[in-house]
Amino acid sequence: MASRFWLAIGALALILDVATPQTGDNPPNVCQAPDGRDGHKGASGLNGRPGQKGDVGEPGLSGRSTSQRGPKGDAGEPGTPGPPGDRGYRGRDGPLGPPGEVGDQGIKGQVGNIQQQPRAAFSASRRNPRPNGNVVVFDNIITNQETSYSGELGVFTCKDPGFYYFTFQVISKGNLCLRLMHKDASVAMFCDNNSQGILQVNSGGSALKLAEGERVWLESDPQAGNSVHDSTEADSVFSGFFLFPSL
């Protein structure tokens with residue numbers, strides 16, 4: 001019983017000695033208790049403020065091409081208008097529009113007088129013409145309105161400017177080439193070959209625009225083998241007449 005009592009007293013004294021507070025900077029022979037267990041993890045703190053934007057980094061290395069086309073990007077901003085292009089081809093005509101309004105009545109024209117209108121016309125045949133160089137003279141006057149044709153010279157002279165029509169039918173028994181002459185130049189040539197020596201008709205005609213004083217006639221070249229046949233069997237005729245005035 002007594003031994004147990006002293007054993008308890010010794011153990012109590014040891015505990016009190018270990019629990020005695022430490023004093024001084026370097027207390028000699030101090031026995032420190034072991035560290036306790038770590039506490040529970042505390043709650044997370046609030047997020048901090050965003051930091052400043054960092055510097056631009058160096059460009060990265062080019063990646064390998066996958067040869068696959070990526071998705072279409074968003075449309076960019078419209079560019080500035082380009083210069084006008086070339087004019088295109090004419091399109092098809094559109095449908096006919098509605099009739100326009102009736103215009104004002106025009107001024108009444110002057111009363112015409114047929115007696116004052118040019119009426120030049122002539123027709124002549126060959127009977128016994130006098131030679132006049134290479135001019136084919138038609139000496140027998142059939143019609144000669146306004147006396148513009150000369151049966152002696154075989155030449156028509158214009159008195160009224162405008163358009164005229166000239167025609168001829170000439171008989172031959174051989175080869176024949178005829179030239180319709182105007183202002184000393186040939187405007188048309190008509191040729192027929194006749195190797196059989198029979199009566200043959202060379203005919204032709206042309207419309208000409210004439211100024212006042214200009215002349216028209218038929219011409220042939222006998223030295224080239226051309227021959228006009230004159231007889232009572234058939235007539236060679238040269239004619240001309242006024243069509244309308246020139247503006």
Checklist entry - Could you go step by step and tell me if R119 and D160 meet the salt bridge (charged side-chain N to carboxylate O under 4.0 Å, His left out) rule? => result CA-CA 9 Å; R119 292 178 293 173; D160 300 300; over 6 Å; no

Checklist entry - Between R179 and D221, is the closest basic N to carboxylate O distance under 4.0 Å? => result no

Next on the checklist: If hydrophobic clusters are built by linking Ile, Leu, Val, Met, Phe, Trp and Tyr wherever their side-chain heavy atoms come under 4.5 Å apart, do V136 and I142 end up in the same one?
Outcome noted: no

Next on the checklist: Assess the residue pair S148 and T157 against the criterion (side-chain contact (heavy atoms from CB on, under 4.5 Å)); give the C-alpha distance rounded to whole Å, side-chain angles, the decisive distance to 0.1 Å, and a yes or no.
Outcome noted: CA-CA 5 Å; S148 298; T157 303; 5.7 Å; no

Next on the checklist: When you group the ILVMFWY residues by side-chain heavy-atom contacts below 4.5 Å and let the links chain together, are I141 and F156 in the same group?
Outcome noted: yes

Checklist outcome for this item: Smallest heavy-atom separation, Y164 atom then A120 atom, equals CE2-CB, 4.0 Å

Checklist entry - How about K173 and S227: do any of their side-chain heavy atoms sit closer than 4.5 Å? => result no

Checklist entry - Are F168 and F238 an aromatic pair by the rule of ring centers under 6.0 Å? => result no

Checklist entry - Is the side chain of N144 donor-acceptor paired with the backbone N or O of Y149 at a distance under 3.5 Å, no angle test? => result yes

Item to check | For E233, all residues meeting side-chain contact (heavy atoms from CB on, under 4.5 Å), sequence neighbours excluded | outcome: L199, H229, S231

Next on the checklist: Going by side-chain contact (heavy atoms from CB on, under 4.5 Å), name the residues that satisfy it together with D192, two or more places apart in sequence or in a different chain.
Outcome noted: Q200, N202

Checklist outcome for this item: E214 meets the side-chain contact (heavy atoms from CB on, under 4.5 Å) criterion, sequence neighbours left out, with H182, K183, L210, A211

Checklist entry - Between E212 and P161, which heavy-atom pair has the shortest distance, and what is it? => result N-CG, 4.0 Å

Next on the checklist: Grouping I, L, V, M, F, W and Y whenever their side-chain heavy atoms are under 4.5 Å apart, do F190 and V187 come out in a common cluster?
Outcome noted: yes

Item to check | Connected hydrophobic set around Y165, excluding itself, where side chains approach under 4.5 Å | outcome: F163, F241, L243, F244

Checklist entry - How about L208 and V216: do any of their side-chain heavy atoms sit closer than 4.5 Å? => result yes

Item to check | Derivation and outcome, side-chain contact (heavy atoms from CB on, under 4.5 Å), residues N194 and L176 | outcome: CA-CA 8 Å; N194 186 359; L176 178 63; over 6 Å; no

Item to check | I171-F138 co-clustered via ILVMFWY side chain contacts under 4.5 Å | outcome: no

Checklist entry - Is it true that D230 and R126 have a side-chain N and a carboxylate O under 4.0 angstrom from each other? => result yes

Checklist entry - Judged by atom type as modelled, is there a donor-acceptor pair below 3.5 Å linking the side chain of D139 to the main-chain atoms of N128? => result yes

Next on the checklist: So which atom in S239 and which in S123 form the shortest heavy-atom distance, rounded to 0.1 Å?
Outcome noted: OG-OG, 2.8 Å

Next on the checklist: Is any side-chain heavy atom of N226 closer than 4.5 Å to one of S220?
Outcome noted: yes

Checklist entry - If you group Ile, Leu, Val, Met, Phe, Trp and Tyr whenever their side-chain heavy atoms sit less than 4.5 Å apart, what else falls in with W217? => result V135, V137, L153, V155, M181

Checklist outcome for this item: Residue set satisfying disulfide (SG to SG under 2.5 Å) with C177, at least two apart, ordered chain then number -> C191

Item to check | Audit row: S236, Q169, side-chain contact (heavy atoms from CB on, under 4.5 Å) steps and yes/no | outcome: CA-CA 5 Å; S236 297; Q169 299 83 33; over 6 Å; no

Checklist entry - Is there a salt bridge (charged side-chain N to carboxylate O under 4.0 Å, His left out) between D38 and K41 once you walk through the steps? => result CA-CA 9 Å; D38 293 337; K41 183 178 181 180; over 6 Å; no

Checklist entry - What heavy-atom pair brings D235 and S125 nearest, and what distance separates the two atoms? => result CB-CB, 4.5 Å

